[in-house]
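Working notes, structure below.
Hydrogens, waters and symmetry mates are skipped; everything else that's a heavy atom, side chains included, is used. All of these numbers come straight from a predicted model, not from anything done at the bench.
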Amino acid sequence: MTDSWFNVAEAICDRCGGLCCRDAHPPLSRDRIHEIISDGHPFGNIEYRGYSCLAAGDDGMCVMFHAGRCRIQAIKPETCRAGPFTFDIVNGVLEIWLKHERICPLAGFLREEPEAFASLCAVAQDELLRLVRSLPPEDLAAICRIPEAETDKIAVISLEEDVPC
């Protein structure tokens, strides 16, 4: 990532107030759970909703959101690293979707900056592939039942070959 647009992207995230952290329940692989616990965070921050995920507080915010930032930035879940990109799995194909700006202000910036879009999309694809490969099929099925409003499909990847389609 180049610093010129990365700093702008980081500033957008800092100003948004954690829209992506509200009622998100990001899925967690076993490795990520281990990292979070090893980092000193209590197991009570993790819940099961058909898949293991970070819990939300009474206010609906992710338990790792504090003072406008993520407490576990270096080890945050793959879907959080993917930023405004999300996924679905349909017939052995990983679909990558970009959220609309109303849901994530960073998405609007990415739509206007091709270099930033390409870089973050590549990161998102890597992170989402890593997550999908690490979760049991029943967890993935539960995650894929969660509706994702206001998104646009931007890529498909065959899970059999891991080659962009």
Checklist entry - Are L120 and I154 connected, step by step, through hydrophobic side chains (Ile, Leu, Val, Met, Phe, Trp, Tyr) whose heavy atoms are closer than 4.5 Å? => result yes
Checklist entry - Do F109 and F117 belong to the same hydrophobic cluster, where Ile, Leu, Val, Met, Phe, Trp and Tyr are linked whenever their side-chain heavy atoms lie under 4.5 Å apart, directly or via other members? => result yes
Student check: side-chain heavy atoms of [X] and [Y] closer than 4.5 Å:
| X | Y | value |
| --- | --- | --- |
| P105 | C16 | yes |
| D139 | Y48 | yes |
| P27 | L131 | yes |
| C13 | L106 | yes |
| L128 | Q125 | no |
| T86 | T151 | yes |
| H25 | Y51 | yes |
| I89 | L140 | yes |

Any chance you could measure [X], atom [atom1], to [Y], atom [atom2], to the nearest 0.5 Å?
| X | Y | atom1 | atom2 | result |
| --- | --- | --- | --- | --- |
| E47 | L28 | CD | CG | 10.0 Å |
| K153 | E95 | NZ | CD | 4.0 Å |
| L98 | L110 | CG | CG | 6.5 Å |
| L54 | C80 | CG | SG | 6.5 Å |

Checklist entry - ring pair (Phe, Tyr, Trp, His ring centres under 6.0 Å) with F87: which residues, sequence neighbours excluded? => result none
Checklist entry - Under a 4.0 Å N-O cut-off, is there an ion pair linking R69 with D14? => result yes
Item to check | Residues E150, K99: salt bridge by 4.0 Å N-O rule | outcome: no
Next on the checklist: Between R130 and E78, is the salt bridge (Lys or Arg N to Asp or Glu O under 4.0 Å) condition met? List the steps.
Outcome noted: CA-CA 8 Å; R130 182 179 306 112; E78 291 87 353; 5.3 Å; no
Next on the checklist: Between R32 and K76 (side chain of the first, backbone of the second, donor and acceptor by atom type, cut-off under 3.5 Å), is there such a pair?
Outcome noted: yes
Next on the checklist: Please check this pair: side chain of R81 against backbone of A124, looking for a donor-acceptor N/O pair closer than 3.5 Å.
Outcome noted: no
Output a table of donor-acceptor pairs, distance under 3.5 Å, between side-chain atoms of residues 36-45 and any protein atom two or more places apart or on a different chain; print 'none' if there are none.
{"residue": "S38", "atom": "OG", "partner": "H34", "partner atom": "O", "Å": "2.8"}
{"residue": "S38", "atom": "OG", "partner": "H34", "partner atom": "NE2", "Å": "3.4"}
{"residue": "D39", "atom": "OD2", "partner": "H41", "partner atom": "NE2", "Å": "3.1"}

Next on the checklist: Does N91 have more than 12 heavy atoms from other residues, nucleotides or ligands lying within 6.0 Å of its CG?
Outcome noted: no
Checklist entry - Run the side chain to side chain contact (heavy atoms under 4.5 Å, CB included) check on I103 and L19 step by step: do they pass? => result CA-CA 7 Å; I103 297 170; L19 290 174; over 6 Å; no
Checklist entry - Checking side chain to side chain contact (heavy atoms under 4.5 Å, CB included) for the pair E35/I72: CA distance, chi angles, key distance, verdict? => result CA-CA 10 Å; E35 288 179 62; I72 57 170; over 6 Å; no
Item to check | side-chain contact (heavy atoms from CB on, under 4.5 Å) involving P147 - partner list, sequence neighbours excluded | outcome: none
